[in-house]
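So the structure is just underneath, and the comments pick up after that.
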There are 2 protein chains.
Amino acid sequence: MKVSKDEIILAARELFREKGYAGASMQDLADRVGLRKASLYMRFPNKEALVPEVLEMTLNTTFSQPGISSPDWKTAYEAVIRSIAAALTDRHRCVGFHLAYGIGDDTPLAKQAVRDFFRSHLDRMTDILARAMPRETATIIAADDLARLEGATLHLALFDDPTSMKRAVDLALGPVRSH
Amino acid sequence: MKVSKDEIILAARELFREKGYAGASMQDLADRVGLRKASLYMRFPNKEALVPEVLEMTLNTTFSQPGISSPDWKTAYEAVIRSIAAALTDRHRCVGFHLAYGIGDDTPLAKQAVRDFFRSHLDRMTDILARAMPRETATIIAADDLARLEGATLHLALFDDPTSMKRAVDLALGPVRSH
DNA sequence: ACAAAATACTACCGATCGGTCGTTTGTAAA
DNA sequence: TTTACAAACGACCGATCGGTAGTATTTTGT
């Protein structure tokens, strides 16, 4: 194999993040990894099938950062927030968010994958917070913290401005520290 | 004229919001307004030229809501926040955000229009807040409030869940009320 | 009523889209 | 070294993309 499957998924992630689902072409993906378009269909049955793989890889790396599996909930939550924020700050956009906006009912497998992607984020964040507070409260905090991080990518994507993301991290971590 | 220019812009806005710039086709737009594709090029020189018009119309309606031009800054700011939140809650997505994510360097006029769109939002919000606080503080609050509103569309688009948006409004307005 | 101008139309352009087919190439077991 | 299988390939498919040319139709000014 000239190119590993992970390399293709990685390139597909960049493509989806930058151009969205509709704007990403298989030809462009083939060019980026140095294969012919037809060869991509050896590994993936179609374009839609790339989406679950991209999101699964992203989810895994996000939640594989050190500290996230700490028994101390403060340590774990801070690690999650920082892991997400670091990825978003680095790339200026969120693949999942771009796909969430752009994917329609014509690609149901991709749509479900996007839902699972964010549901996993929310569940894992909620589980950590629920160690120290009622689950109901944890659910709300997780949802709002994630929304704030995602929203801060607006300033990154448009104005190359990371300060809003930094404040989003501080605001998510402030109450945790003083808990 | 079978169809007014504003109708076309309105339909284009829906299209961009749902499918993004790359995913929106001129044929689809023509179908929605009941024209032939070629007739669209009577009013707009090309696809890219739709973007500034769409965003200008959106900006105008957003900031034409009652209360926004109130001399009382609290009234004005609340009206702005509620105007933005109402539009996002209704449509589940933000056109500007979708375009901000999807538009690349190949469409520079559209890119600049998106930047202007959000810059106007931020400037107008900052101007209102600056009546009651240092401009530096106002800039930060405006940026973070807008980011939070945009981020809350994640829960709307994916899970049809408006609660995060409601909390975003409350959080943006809470400090204002108790000021 | 008539001419001029604006608008919408049919038909088409080359390029690119996602995807498939049949063949060649590389590799690993025998 | 031969055999067998997977991987990569060039060439191609129908559909759709943004956009244009020329013509018909409707509106407008006189």
Side-chain angles (χ1 to χ4, degrees), chain A residues 1-55 95 98-99 102-111 113-114, chain B residues 1-55 95 98-99 102-111 113-114:
Chain A
M1 299 187 306
K2 286 176 60 176
V3 180
S4 77
K5 190 168 184 175
D6 276 3
E7 284 179 76
I8 301 175
I9 296 174
L10 224 64
R13 181 170 69 179
E14 282 184 42
L15 210 50
F16 285 146
R17 183 172 40 223
E18 293 169 12
K19 309 201 176 185
Y21 184 78
S25 81
M26 297 298 277
Q27 182 61 58
D28 197 349
L29 178 57
D31 291 343
R32 292 195 185 203
V33 298
L35 281 181
R36 295 292 171 171
K37 188 177 50 158
S39 305
L40 293 175
Y41 290 88
M42 295 252 74
R43 327 288 188 84
F44 307 95
N46 48 50
K47 184 181 171 183
E48 187 180 5
L50 286 165
V51 175
E53 307 250 26
V54 160
L55 295 179
V95 218
H98 205 160
L99 291 170
I103 278 183
D105 296 325
D106 46 312
T107 48
L109 296 180
K111 192 165 190 170
V114 176
Chain B
M1 299 186 306
K2 287 176 58 174
V3 180
S4 77
K5 189 167 184 178
D6 276 3
E7 286 180 74
I8 301 175
I9 296 173
L10 224 64
R13 181 170 68 180
E14 282 184 42
L15 209 50
F16 285 147
R17 183 172 41 225
E18 294 169 11
K19 310 201 176 185
Y21 184 78
S25 81
M26 297 298 277
Q27 183 60 58
D28 197 349
L29 178 58
D31 291 344
R32 294 195 184 203
V33 297
L35 281 181
R36 297 291 173 174
K37 188 177 53 159
S39 306
L40 294 175
Y41 290 89
M42 288 264 113
R43 329 287 189 84
F44 307 95
N46 48 51
K47 184 181 171 184
E48 186 180 6
L50 287 165
V51 174
E53 306 250 26
V54 160
L55 294 179
V95 218
H98 205 159
L99 291 169
I103 277 181
D105 297 325
D106 46 314
T107 49
L109 296 180
K111 192 165 190 172
V114 177

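All values below come from the heavy atoms of this structure, side chains included, with hydrogens, waters and symmetry mates left out. Reminder, nothing fancy here: chain letters follow the sequence lines and each chain counts from 1.
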Can you see whether B:Tyr21 has A:Lys19 sitting over its ring - NZ or CZ less than 6.0 Å from the centre and within 45° of the normal?
no

Selection residues 32-47 of chain A - residue pairs positive for side chain to side chain donor-acceptor pair (under 3.5 Å), sequence neighbours left out
A:Glu18-A:Arg32, A:Asp28-A:Arg32

Got a sec? Which of residues 20-41 of chain A come in under 4.0 Å of DNA chain D, heavy atoms?
A:Leu35, A:Arg36, A:Ala38, A:Ser39

Closest heavy-atom contact between A:Ser25 and A:Leu15?
O-CD2, 3.7 Å

Determine, stepwise, if the pair B:Lys5 / B:Ile9 fulfils side chain to side chain contact (heavy atoms under 4.5 Å, CB included).
CA-CA 6 Å; B:Lys5 189 167 184 178; B:Ile9 296 173; 4.1 Å; yes

Does any N or O in the side chain of B:Ser4 come within less than 3.5 Å of the main-chain N or O of B:Glu7, such that one atom is a donor and the other an acceptor?
yes

So B:Met1, base contact, sugar-phosphate only, or nothing? Heavy-atom distance under 4.0 Å.
sugar-phosphate

What is the first contacted nucleotide of DNA chain C and what is the last, in 5' to 3' order, if contact means an atom lying under 4.0 angstrom from a heavy atom of chain B?
C:dT7 to C:dT10

Which heavy atom of B:Leu109 sits nearest a heavy atom of B:Glu48, and at what distance?
N-OE2, 2.8 Å

Among B:Leu50, B:Val51, B:Leu55, B:Val95, which residue meets the side-chain contact (heavy atoms from CB on, under 4.5 Å) test with B:Arg13?
B:Val95

Run the side chain to side chain contact (heavy atoms under 4.5 Å, CB included) check on A:Val33 and A:Leu10 step by step: do they pass?
CA-CA 9 Å; A:Val33 298; A:Leu10 224 64; over 6 Å; no

